[in-house]
A.B. asks: 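Below is the structure I would like to discuss, written out as structure tokens.
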Amino acid sequence: MEEYNNCSTKKARLHSVLTTLLDDPVLADVPKNPTLADVDTLISLELGSAMRISILKLDGTSFDVTMMNSATVKDLKLAIKKKVNDMEQSSMGHRHISWRHVWANYCLSHHNSKLLDDDDRLQNFGIRNSSQVQFIPYVMTKESRRHSKRRKHRFFHGLNKLS
């Protein structure tokens, strides 16, 4: 019984120390529930091997994400998704955002260059520390989609023949 009380006391003490540390203005950019990757990226930012990018939303508000210098467009999209989901969770509770819909109707842009290819590195677009990337409306053409309607139709048509 004493071991349990000792363990819970240690956890409570650790939790209070962590809360005090995270409330320190020096550590204001550390998320409330940081992962090891978040802490590693913030350390890299201080060492100069990462960058902070400002994301401008369509409503005029913005938020910052921290990325490694070698990040790709896909990494940026994942960081945006994580940051927005965390912000929504903390302000409104659970709310589902269809990211498939977002990326089908909007794209990211930096100095009139659309960031369309997920494998392109951010540095290829001139994105550096303190750069600003914005959402812009964008509709994919039929040619750029992965599956055409004809292929889907043939797939389902083949299933009907088997039954």
Side-chain angles (χ1 to χ4, degrees), residues 14-153:
L14 178 63
H15 182 66
S16 68
V17 169
L18 282 175
T19 304
T20 306
L21 278 174
L22 291 176
D23 287 340
D24 191 329
V26 173
L27 300 175
D29 54 349
V30 177
K32 289 298 179 192
N33 295 320
T35 63
L36 187 58
D38 293 336
V39 174
D40 190 36
T41 304
L42 289 172
I43 291 170
S44 298
L45 179 66
E46 294 298 322
L47 296 175
S49 59
M51 57 187 159
R52 179 169 282 131
I53 302 170
S54 178
I55 309 298
L56 180 65
K57 298 190 302 185
L58 291 171
D59 63 359
T61 61
S62 65
F63 59 92
D64 293 338
V65 294
T66 306
M67 307 291 307
M68 298 299 290
N69 287 341
S70 60
T72 63
V73 173
K74 184 176 183 175
D75 297 332
L76 178 60
K77 287 181 177 181
L78 290 173
I80 290 171
K81 178 181 174 180
K82 184 180 183 310
K83 180 75 170 193
V84 169
N85 287 340
D86 289 346
M87 289 185 333
E88 291 291 325
Q89 183 72 28
S90 66
S91 66
M92 296 181 163
H94 181 67
R95 183 175 169 194
H96 177 72
I97 296 174
S98 172
W99 287 100
R100 186 175 185 177
H101 174 77
V102 169
W103 300 127
N105 294 294
Y106 302 95
C107 71
L108 297 170
S109 172
H110 177 70
H111 293 304
N112 296 324
S113 297
K114 294 178 182 175
L115 312 179
L116 299 177
D117 186 9
D118 284 350
D119 295 328
D120 279 345
R121 292 170 51 119
L122 296 176
Q123 290 182 341
N124 295 348
F125 296 98
I127 298 174
R128 305 280 184 260
N129 193 20
S130 302
S131 292
Q132 186 178 54
V133 174
Q134 62 185 1
F135 278 95
I136 60 170
Y138 173 73
V139 179
M140 287 195 296
T141 60
K142 287 185 179 180
E143 293 82 30
S144 67
R145 291 203 171 128
R146 294 186 182 170
H147 299 291
S148 68
K149 288 184 178 178
R150 179 174 286 162
R151 288 176 108 179
K152 287 181 182 178
H153 178 71

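The first residue in the sequence is number 1, and the count goes up from there. Side chains are part of it too, since the values below use all heavy atoms of this structure and drop only hydrogens, waters and symmetry mates.
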A.B. asks: Test side-chain contact (heavy atoms from CB on, under 4.5 Å) on C107 and L115; report intermediate values, then the result.
C.D. replies: CA-CA 7 Å; C107 71; L115 312 179; over 6 Å; no
A.B. asks: Give a yes or no on whether K81 atom NZ has more than 12 heavy-atom contacts from other residues, nucleotides or ligands under 6.0 Å away.
C.D. replies: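 Not buried by this count: 12 neighbours or fewer within 6.0 Å.
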A.B. asks: Which distance, rounded to the nearest 0.5 Å, do you find between the CG of D118 and the CG of L78?
C.D. replies: 8.5 Å
A.B. asks: Under the criterion side-chain contact (heavy atoms from CB on, under 4.5 Å), which of V102, I55, I97 is the partner of V84?
C.D. replies: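 Exactly one option meets the side-chain contact (heavy atoms from CB on, under 4.5 Å) with V84, and it is I97.
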A.B. asks: Check whether N129 reaches the backbone of N69 with its side chain - one donor and one acceptor, N or O, closer than 3.5 Å.
C.D. replies: no
A.B. asks: How close do M51 and R128 get, heavy atom to heavy atom, and via which atoms?
C.D. replies: SD-C, 3.7 Å
A.B. asks: Spell out, as yes or no, whether a donor-acceptor pair under 3.5 Å connects the side chain of H110 to the backbone of Q132.
C.D. replies: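 Here the side-chain-to-backbone pair exists.
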A.B. asks: Measuring from atom CG of D120 to atom NZ of K114, what distance do you get when rounded to the nearest 0.5 angstrom?
C.D. replies: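 If we round to the nearest 0.5 Å, D120:CG and K114:NZ are 14.5 Å apart.
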A.B. asks: What are the two closest heavy atoms between D64 and R52, and how far apart are they?
C.D. replies: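 Minimum heavy-atom contact is OD2-CD, 3.6 Å.
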A.B. asks: I would like to know whether F63 and K57 meet side-chain contact (heavy atoms from CB on, under 4.5 Å); could you show each step before the answer?
C.D. replies: CA-CA 8 Å; F63 59 92; K57 298 190 302 185; 3.8 Å; yes
A.B. asks: Working note: I53 + L122, criterion side-chain contact (heavy atoms from CB on, under 4.5 Å); need CA distance, chi angles, decisive distance, verdict.
C.D. replies: CA-CA 10 Å; I53 302 170; L122 296 176; 3.8 Å; yes
A.B. asks: Looking at the rings of F135 and W103, which for Trp means the six-membered one, are their centres under 6.0 Å apart?
C.D. replies: yes
A.B. asks: Step by step, would you call I80 with L108 a side-chain contact (heavy atoms from CB on, under 4.5 Å)?
C.D. replies: CA-CA 11 Å; I80 290 171; L108 297 170; 3.8 Å; yes
A.B. asks: Under the 3.5 angstrom rule, does the side chain of D75 hit a backbone N or O of T72 as a donor-acceptor pair?
C.D. replies: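 Such a contact is found between D75 side chain and T72 backbone.
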A.B. asks: Write down the atom of S131, the atom of G126, and the distance for their closest heavy-atom approach.
C.D. replies: OG-O, 4.1 Å
A.B. asks: How long is the gap from NE2 on H96 to CG on N85, to the nearest 0.5 Å?
C.D. replies: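 Answer for the NE2-CG pair, H96 versus N85, is 9.0 Å.
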A.B. asks: Report yes if some heavy atom in the side chain of F125 is under 4.5 Å from a heavy atom in the side chain of V133; otherwise report no.
C.D. replies: no
A.B. asks: Measuring from atom OG of S49 to atom CE of M68, what distance do you get when rounded to the nearest 0.5 angstrom?
C.D. replies: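 Answer for the OG-CE pair, S49 versus M68, is 4.5 Å.
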A.B. asks: Please give me the minimum heavy-atom distance between L58 and P137, naming the atom from each residue.
C.D. replies: CD2-CD, 4.3 Å
A.B. asks: In Å and rounded to the nearest 0.5 Å, what is the CD to NZ distance from E88 to K83?
C.D. replies: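 Between E88 CD and K83 NZ, I get 12.5 Å after rounding to 0.5 Å.
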A.B. asks: Looking only at heavy atoms, which two atoms of A79 and V65 are closest? And how far apart?
C.D. replies: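 Closest heavy-atom pair between A79 and V65: O-CG1, 4.0 Å.
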